[in-house]
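Below, all heavy atoms of this structure are taken into account, side chains as well, without hydrogens, waters or symmetry copies. A, B, ... follow the sequence lines: proteins, then strands. Residue 1 opens every chain.
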Protein chains: 2
Amino acid sequence: MLIEEMHPATAELRLPKVLAALADPARLLTVRALHRAGESACTRLQQAAGLTISRSTFSHHQRVLREAGVIQVRVRGSERILSLRRDDLDACFPGLLDAVLGTAPEHIGS
Amino acid sequence: MLIEEMHPATAELRLPKVLAALADPARLLTVRALHRAGESACTRLQQAAGLTISRSTFSHHQRVLREAGVIQVRVRGSERILSLRRDDLDACFPGLLDAVLGTAPEHIGS
DNA sequence: CGTACTGTTCGATGATTATCGACGTGTTCG
DNA sequence: CGAACACGTCGATAATCATCGAACAGTACG
């Protein structure tokens with residue numbers, strides 16, 4: 001059974017949903033790691049982000065980011081390659097992603 | 001009984017907490033209305049933001065914004081005057097507030 | 001003092017969410 | 001084909017959260 005990967009159109013992006021997606025520490029680290037890596041498969045990205053959560057939890061976070069329009073997923077073989085929707089985010093929320101990516105580490109952690 | 005109003009220091013501001021505070025539609029509208037008004041008391045601000053929620057709920061939102069470091073509260077007579085902590089936010093998260101305030105209305109609503 | 005106004009605090013409640021393990025599905029490779 | 005790998009989905013659980021009304025506290029004003 002092929003399940004269509006949900007990717008909201010650019011015009012459908014909503015700020016509260018994007019902010020909620022970025023507000024979770026695990027997802028925020030994921031996005032920042034994804035920015036450094038350019039693009040990456042799930043397991044590799046989870047390691048790059050330094051997340052020790054279970055795979056099912058990471059899958060959940062990946063879904064939240066995708067449904068908010070923050071990341072994009074494409075399939076390559078048995079892997080899912082994740083990448084930032086940089087252009088779409090910049091078009092809808094100019095400066096937001098840059099602000100999130102540019103924030104100093106001391107203002108990220110607890 | 002004087003209750004100390006909780007205002008985190010600038011160095012204590014954390015991005016996930018700020019994003020979570022801004023992620024709620026009511027709070028997002030509040031912040032944007034506060035930007036337009038400059039500063040405002042609770043009831044007036046709630047009206048300016050077009051929020052039809054109860055006063056206790058608005059009080060809750062105001063607390064979340066304050067504890068995240070997004071807004072500032074000072075007492076004037078029987079009123080509480082709310083204002084944005086613009087300089088502190090700009091210092092910790094350059095461009096973030098501008099992005100949130102500058103987002104077009106069609107990407108705010110549902 | 002008593003009334004009106006402004007706003008907070010206190011449960012209570014229903015909704016959302018982060019997390020996990022178990023299982024299923026598609027892919028690659030021997 | 002069969003094993004190993006990469007992920008997603010399901011159901012459950014515990015925690016967090018948005019919301020409300022009722023009660024409370026401080027201020028202004030007659």
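Using a 4.0 Å cut-off, some side-chain N or O of B:Arg63 falls inside it from OP1 or OP2 of C:dT9. Between A:Arg27 and C:dA18 there is a side-chain N or O to OP1 or OP2 distance below 4.0 Å. At the phosphate of C:dC20, OP1 or OP2 sits under 4.0 Å from a side-chain N or O atom of A:Thr57. Note on B:His60: every side-chain N or O is 4.0 Å or more away from OP1 and OP2 of C:dC10. Between A:Gln62 and D:dG8, a side-chain N or O to OP1/OP2 separation shorter than 4.0 Å is present.
Atom-to-atom, CZ of B:Phe58 to P of C:dG7 comes out at 9 Å; the value is rounded to the nearest Å. In this entry the distance linking CG of B:Leu45 with P of C:dG7 reads 10 Å, nearest Å. Separating the CZ atom of A:Arg55 from the P atom of C:dG26 is a distance of 17 Å, rounded to the nearest angstrom. Rounded to whole Å, the distance from CG on B:Asp24 to P on C:dT17 is 11 Å. Remark: P of C:dA18 and CG of A:Leu22 are 12 Å apart, rounded to the nearest angstrom. Atom-to-atom, CD of A:Glu5 to P of D:dG8 comes out at 7 Å; the value is rounded to the nearest Å. Here the P atom of nucleotide C:dT9 and the CE atom of B:Met6 are 13 Å apart, to the nearest Å. The interatomic distance linking A:Glu79 (CD) with D:dA6 (C1') rounds to 7 Å, in whole Å.
Between the side chains of B:Thr57 and B:Ser54, at least one donor-acceptor pair of N or O atoms lies under 3.5 Å.
Of all nucleotides listed (D:dC20, D:dA18, D:dG8), D:dC20 comes nearest to the side chain of B:Ser54. The nucleotide whose nearest atom lies closest to any side-chain atom of A:Arg80 is, among D:dC7, D:dC20, C:dG26, D:dC7. Residue A:Ser78 has its side chain nearest to D:dA6 when only D:dC7, D:dA6, C:dT9 are considered.
Within the 3.5 Å criterion, the main-chain N or O of A:Thr103 finds a donor-acceptor partner in the side chain of A:Arg32.
Taking 4.0 Å as the cut-off between side-chain N and carboxylate O, B:Lys17 and B:Glu67 do not count as a salt-bridged pair. Here A:Arg74 pairs with A:Glu39 in a salt bridge; the nearest charged N to carboxylate O distance falls below 4.0 Å.
Counting non-hydrogen atoms under 4.0 angstrom, A:Arg44 reaches nothing in the nucleic acid.
Below the 3.5 angstrom threshold, one finds a donor paired with an acceptor across the side chain of B:Ser56 and the base of D:dG21.
Residues A:Val64 and B:Cys42 each lie close to DNA chain C; by heavy-atom proximity, the contact nearer the 5' end of the strand is made by B:Cys42. Along DNA chain C, the nucleotide closest to A:Ala26 and the one closest to B:Ser59 are compared, and the more 5′ of them pairs with B:Ser59.
Looking only at side-chain heavy atoms (C-beta outward), A:Arg66 and A:His7 come within less than 4.5 Å of each other.
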